[in-house]
Amino acid sequence: MAAPLIAFRNVSRVYGSGEAEVRALADVSFQIAAGEFVAIMGPSGSGKSTAMNIIGCLDRPTFGEYLFKGIAVQGLGQDARALLRRHALGFVFQGFNLLPRQSALENVELPLIYKGMPGPERRARAREALRKVGLEGREGHDPSQLSGGQQQRVAIARALAGQPTVILADEPTGNLDSARGQEIMQLLQALNRQEGITIVMVTHEDDIARHAKRLMVFTDGRLTRDTAVGERV
Amino acid sequence: MLWDALRLAFVAIIRNKLRSFLTVLGVVIGVAAVIAMVTVGEGSSAQVQASVERLGTNVLVVRPGRVRMGPPLGEPAPRFDLKDAAALAELPIVAHVAPQSNGSYPVVEGNANTSTQVSGTTAEYLIVQNWPLGMGRNFERSEEISGASVCILGQTVRATLFGAGDPIGATVRVRGLSCEVIGVLTARGAGSFGQDQDDLVLIPIKTMQRRLKGDNEVGSISVALLKSVESATGIRTVQALMRDRRQIEIGEGDNFSVTDMRDFNTLLSGVNSVMAGLLSAVAAVSLLVGGIGIMNIMLVSVTERTREIGIRLAVGASEGQVLAQFLIEAVVLSVLGGVIGIALGLALAWGGSIFLAIPFAPSALVVAMAFGFSALVGVVFGYFPARRAARMDPIEALRHQ
Ligand SMILES: Nc1ncnc2c1ncn2[C@@H]1O[C@H](COP(=O)(O)OP(=O)(O)OP(=O)(O)O)[C@@H](O)[C@H]1O
Ligand SMILES: [Mg+2]
């Protein structure tokens, strides 16, 4: 049996120490197989973003193990983790994290540059990704000239453009009206169904979570519920 | 990959114009200040050096009165006359003697006029001064004996009175005395004090005494010693002769002075190297200030740049790729600042050397050192904060405040 794409084994993430110690994740274990579409929900501060950062190889567990395709990420060096991010992972940040003073197109091109993709192909791909999120005609605008929702969509386009194995989206529709939100969900669903891209998404809205096939709920740093979406109600 | 890093670096430079400009400015100020100051300092040393070297032989200057500080004591010392000069010329250790009697007079030609130093002297003056004629001829013996109305012009006086015209054979009026121009000196430039040495007119000393001053005094006597003679020996011999001629008793002090022009110039070049040292110190301070400027810009931008590095790492950049970009950025800005700084520094030094009338003496070593230091500061302070950020976990870099 092939190893699951993503596996948490008793993962804890502790910030600070002594009196100020915060357990953002406490002994969390789960697996996500390739091709799944998972929604993560839970109250604010329950550790959702912390889990996403660990999955995205942006952060490391304090205790426990995180396996990507069966490989323990802690055991990898900096450069190997950079390669994982470059080739397998696409991250949509809760706070967008676009480069200021660089156009939407340049922001979307960024991961492709590090992939070593030649210029013309790179620009064509970046344009295509921006078109998919409905930002045609905004390629030349820089983040300060875009609305919150538009910035969020640039961030989504950046994650899509590299055609990663996994897209990790931390509240990708948090700044969008529900019509736009539904459009983005349809886009993610299409990517999941047609291209088999695994999607892990954090959201606060049931309407958005509905599009996923599986729902995980975090409470106080623990995984308190993990069900197929149909089973809920 | 290098191409991509170059491209990323250039995009970052262009998109952050203010930051780039301030960094470049820091390097420009440091480099330009050092180059300008050190070059001017070296120029003025070179000038003193040149005036030391112009005096080929040992030249002593003999003046009446004592060289001392404070008000004159007792009655003024008796003057020299031409017999003193003749007696000095008799000494076996002496090669040439040039008596001088100076005054400041208006000199007129047609509508042009100037006020200049007029030196009454002899043909040997040019030999003692090691000062060749640019055109025309020197005084003849007969002209010296008869006190003829002839003159030799310095370049500044020639330019003022004649412009581009040919002065030889023309007549100028020196305080009403008509003199025929028989020669023009070569240009000598500024003296050790920055005075214009070419602003002068030479006439035979007898002409000066009889026609202009109406006395028979000699103000000073320049004595060129034979090459083989030590200047100390020369000074003792000249002192002994003058004491004898002026009937100074044993135990009594001299009422005249003998100065070795070379000592004087050596002293000046000492003063000058102190000046050059001071200039270099000021230059070093400006370099440091420039360096601190660069350092500040680089460090102030670290917060923003740390986030930027976090973003780059998050989308898949490796530490090496991020560092290559930052290194190129720092090198490009430092080199750009360095090149502008060198150009500006040399331009300032050139302007300064014209203003101060000293040689323009750029030094490749100084240029290289100023450039090297600023570039090093730019690169070190651009690179090391970036390296620290690039080694963090991306999330840490992204959260950096
Ligand atoms: N760098 C940090 N230092 C200290 N505590 C942190 C840090 N990052 C997160 N935490 C804490 O960890 C806990 C989980 O944070 P996390 O960002 O994962 O919450 P979240 O579930 O994503 O919340 P939200 O829905 O508001 O985004 C919170 O209590 C938070 O205060
Ligand atoms: Mg969060």
Side-chain angles (χ1 to χ4, degrees), chain A residues 13 15 24 49-50 52-61 73-74 77-103 106-119 122 142-144 155 158-159 161-162 164 168 170, chain B residues 1-23 297 300-326 328-329 333 386-401:
Chain A
R13 180 69 173 92
Y15 291 111
S49 294
T50 306
M52 293 290 272
N53 291 339
I54 291 175
I55 299 172
C57 295
L58 303 174
D59 196 4
R60 286 173 288 176
V73 172
Q74 292 98 304
Q78 265 233 42
D79 285 347
R81 275 181 280 138
L83 285 176
L84 264 185
R85 288 192 295 269
R86 185 185 305 170
H87 295 290
L89 301 163
F91 210 103
V92 182
F93 291 93
Q94 197 170 2
F96 320 142
N97 281 328
L98 301 176
L99 284 182
R101 290 187 289 279
Q102 304 220 6
S103 69
E106 285 169 326
N107 267 286
V108 177
E109 274 185 66
L110 197 62
L112 307 179
I113 291 176
Y114 292 119
K115 282 189 159 184
M117 193 181 286
R122 191 169 69 211
D142 71 33
S144 65
R158 184 174 66 186
L168 300 162
D170 199 344
Chain B
M1 202 59 249
L2 178 71
W3 169 246
D4 285 325
L6 264 172
R7 193 180 151 277
L8 287 171
F10 275 101
V11 169
I13 288 170
I14 291 164
R15 292 303 149 79
N16 296 285
K17 290 198 178 66
L18 183 64
R19 187 176 68 206
S20 305
F21 170 75
L22 290 173
T23 309
I297 305 298
V300 160
S301 66
V302 157
T303 304
E304 185 189 302
R305 307 229 79 184
T306 302
R307 266 182 57 85
E308 176 191 331
I309 289 169
I311 293 170
R312 291 179 184 280
L313 291 173
V315 302
S318 64
E319 184 188 335
Q321 286 172 320
V322 169
L323 288 184
Q325 177 201 329
F326 277 70
I328 291 170
E329 242 186 270
L333 292 178
R387 193 179 73 159
R388 206 185 45 138
R391 284 183 173 173
M392 295 179 183
D393 273 321
I395 202 72
E396 224 186 307
L398 283 169
R399 283 212 192 96
H400 193 87
Q401 288 311 310

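Order of the sequence lines fixes the chain letters, A, B, ..., with proteins taken first and strands second; residue numbering starts at 1 for each chain. Being a predicted model, the structure only gives us computed values, none of them experimental.
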With only heavy atoms counted, which part of A:Gln78 is less than 4.5 Å from chain B, the side chain, the backbone, both or neither?
side chain
With a 4.5 angstrom heavy-atom cut-off, could you sort out which part of B:Arg7 is near chain A: side chain, backbone, both or neither?
side chain
If every non-hydrogen atom of B:Arg15 is compared with every non-hydrogen atom of A:Ser103, which pair is closest and at what distance?
NH1-N, 4.1 Å
If one checks every heavy atom of A:Asp59 against chain B at 4.5 Å, the contacting part turns out to be both
A:Arg85 versus B:Leu313, closest heavy-atom pair with distance:
NE-O, 2.8 Å
Output the distance between atom CG (B:Asn16) and atom CD (A:Gln102), rounded to the nearest 0.5 Å.
8.0 Å
Below 4.5 Å from any heavy atom of chain B, which atoms of A:Asp79 appear? Answer side chain, backbone, both or neither.
side chain
Between A:Asn53, A:Leu99, A:Leu89, A:Leu98, which shows the greatest number of heavy-atom pairs under 4.5 Å with chain B?
A:Leu99
Do you know the tightest heavy-atom contact between B:Asp393 and A:Leu58?
CB-O, 3.5 Å
In the structure I gave you, are the side-chain heavy atoms of A:Arg86 and B:Ser318 within less than 4.5 Å of one another anywhere?
yes
Does any heavy atom of chain B fall under 4.5 Å from the side chain of A:Leu84, the backbone, both, or neither of them?
neither
To the nearest 0.5 Å, tell me how far A:Asn97 CG sits from B:Ile395 CD1.
7.5 Å
Tell me, yes or no, whether the heavy-atom count around A:Tyr15 atom OH, taken from other residues, nucleotides or ligands under 6.0 Å, exceeds 12.
yes
Among B:Met392, B:Glu396, B:Arg312, residue most engaged with chain A (heavy-atom pairs, under 4.5 Å):
B:Arg312
Give the minimum heavy-atom separation between B:Ala314 and A:Phe93, together with the two atoms involved.
CB-CZ, 3.5 Å
